[in-house]
Amino acid sequence: INCYNSSFPVIISNTISGSSYGICCDFSSPVITNNIISGNSNYGIYCYRYSSPTITNNTMSGNSNSGIYCYFYSSPVITNNIITENGTTNVSYYGIYNNPDYSSDIPTINYNCVWGNGLSTTNNYYNCTPGVGNISTQPQFIGVNDYHLGTASPCINKGSNTAPSIPSTDKDGKPRIYNNYIVDMGAYEYQGTPTLQYGTLSISSNPSGASIFLDNGTQTQGTTTAI
């Protein structure tokens with residue numbers, strides 16, 4: 001998809017795959033939301049020449065180059081997206097790459113999952129700084145090339161309900177903010193109850209018998225082996 005010459009299209013709920021650039025923004029500022037952008041031979045989204053797209057609740061995964069590439073005074077607003085495992089064959093590819101040449105503008109990056117990008121799998125940001133609410137954790141899709149979120153996905157309820165141009169439904173046409181709670185990251189909204197993660201915490205006092213204070217203010221004497 002090529003957006004050019006001061007255009008402002010709305011690109012919503014597509015699967016964009018098997019092309020060169022998934023979406024190319026050239027002197028344009030589209031709204032890009034609810035899309036799966038994967039398996040393209042170049043960038044997932046290319047922001048070029050004064051482009052300022054609004055990129056909200058998309059999933060970009062498995063593109064051959066960087067997930068989002070910004071160049072020549074482009075300043076996208078990137079919110080509630082999953083950007084994972086892009087450019088995994090090259091050390092110079094990233095999740096979000098902001099070219100330092102002609103780059104006085106910078107992306108606004110909030111509430112995204114950016115994980116596993118580049119050959120090192122840690123090339124998530126280049127020449128840009130994530131803002132608030134971003135995570136870098138395996139998103140736990142339900143299967144290969146199926147980008148719905150699994151029950152224990154860390155992307156569930158981790159987006160921002162005030163993201164710009166947030167849609168009312170997800171790519172499947174289901175409610176975007178499920179049960180009026182908190183929006184998920186990515187193109188698909190999980191429609192169930194997330195699996196709670198339980199663990200065991202073992203602590204002991206030193207010296208033995210010293211008081212141990214829990215975070216709810218409860219005090220216990222001696223050695224506590226599990227909580």
Side-chain angles (χ1 to χ4, degrees), residues 1-9 11-12 14-131 134-136 139 147 163-165 185-187:
I1 297 176
N2 189 18
C3 310
Y4 181 67
N5 198 17
S6 300
S7 60
F8 299 90
I11 303 170
I12 185 169
N14 299 281
T15 297
I16 304 169
S17 183
S19 185
S20 177
Y21 305 126
I23 299 173
C24 178
C25 309
D26 185 357
F27 203 72
S28 66
S29 298
V31 173
I32 302 169
T33 184
N34 280 358
N35 299 285
I36 300 294
I37 305 171
S38 67
N40 297 287
S41 63
N42 213 310
Y43 312 121
I45 298 177
Y46 182 29
C47 306
Y48 178 53
R49 290 200 307 179
Y50 302 98
S51 293
S52 301
T54 299
I55 304 171
T56 301
N57 278 108
N58 302 277
T59 298
M60 286 156 269
S61 184
N63 298 287
S64 296
N65 206 309
S66 297
I68 299 176
Y69 188 96
C70 309
Y71 183 48
F72 209 96
Y73 306 112
S74 290
S75 53
V77 178
I78 304 167
T79 318
N80 290 0
N81 300 279
I82 298 175
I83 304 168
T84 178
E85 295 178 293
N86 298 283
T88 56
T89 62
N90 194 301
V91 296
S92 298
Y93 298 160
Y94 284 76
I96 303 174
Y97 187 102
N98 187 41
N99 194 310
D101 298 329
Y102 307 103
S103 192
S104 61
D105 294 333
I106 58 173
T108 300
I109 306 167
N110 295 314
Y111 297 96
N112 302 280
C113 176
V114 187
W115 175 84
N117 297 282
L119 181 62
S120 69
T121 71
T122 58
N123 284 8
N124 294 319
Y125 304 97
Y126 184 84
N127 194 40
C128 55
T129 302
N134 297 285
I135 62 175
S136 184
Y147 299 107
S165 300
M185 298 171 174

Hey, are the side chains of [X] and [Y] touching, using non-hydrogen atoms and a 4.5 Å cut-off?
X: Asn90; Y: Leu119; value: no
X: Tyr48; Y: Cys25; value: no
X: Tyr125; Y: Val114; value: yes
X: Cys128; Y: Ile109; value: yes
X: Pro30; Y: Ser7; value: no
X: Cys3; Y: Ile11; value: yes
X: Thr121; Y: Glu85; value: no
X: Ile32; Y: Thr54; value: no

Could you check whether any side-chain N or O of [X] sits under 3.5 Å from a backbone N or O of [Y], counting only pairs where one atom can act as donor and the other as acceptor?
X: Ser17; Y: Ser38; value: yes
X: Asn63; Y: Ile37; value: yes
X: Ser29; Y: Ser51; value: no
X: Asn123; Y: Tyr93; value: yes
X: Asn81; Y: Asn112; value: no
X: Thr108; Y: Val77; value: no
X: Asn80; Y: Met185; value: no
X: Thr84; Y: Trp115; value: yes

Donor on one side chain, acceptor on other, [X] and [Y], under 3.5 Å:
X: Thr33; Y: Ser165; result: no
X: Ser136; Y: Asn124; result: yes
X: Ser120; Y: Thr122; result: yes

What's the separation between atom [atom1] in [X] and atom [atom2] in [Y], rounded to the nearest 0.5 Å?
X: Asn42; Y: Ser64; atom1: CG; atom2: OG; value: 8.0 Å
X: Tyr21; Y: Asn65; atom1: OH; atom2: CG; value: 8.5 Å
X: Cys113; Y: Ile135; atom1: SG; atom2: CD1; value: 4.0 Å
X: Ile45; Y: Asn58; atom1: CD1; atom2: CG; value: 5.5 Å

Least distance between heavy atoms, [X] atom then [Y] atom:
X: Cys70; Y: Pro107; value: SG-CG, 3.9 Å
X: Thr59; Y: Ala187; value: OG1-N, 3.1 Å
X: Tyr111; Y: Asn134; value: N-OD1, 3.3 Å
X: Pro76; Y: Ile55; value: CB-CD1, 4.0 Å

Mutual orientation of the aromatic rings belonging to [X] and [Y] [parallel < 30°, tilted 30-60°, perpendicular > 60°]:
X: Tyr73; Y: Tyr50; result: parallel
X: Tyr97; Y: Tyr69; result: parallel
X: Tyr43; Y: Tyr46; result: tilted

Trace of the side-chain hydrogen bond (donor to acceptor under 3.5 Å, both in side chains) decision for Asn86 with Asn117: CA-CA 5 Å; Asn86 298 283; Asn117 297 282; 3.1 Å; yes

Asn35: which of Ile1, Asn14, Asn57 passes side-chain contact (heavy atoms from CB on, under 4.5 Å): Asn14

Partner of Met60 under side-chain contact (heavy atoms from CB on, under 4.5 Å), chosen from Ile82, Ile68, Ile16, Ile96: Ile68

Atom CZ of Phe27 with >12 non-hydrogen neighbours under 6.0 angstrom: no

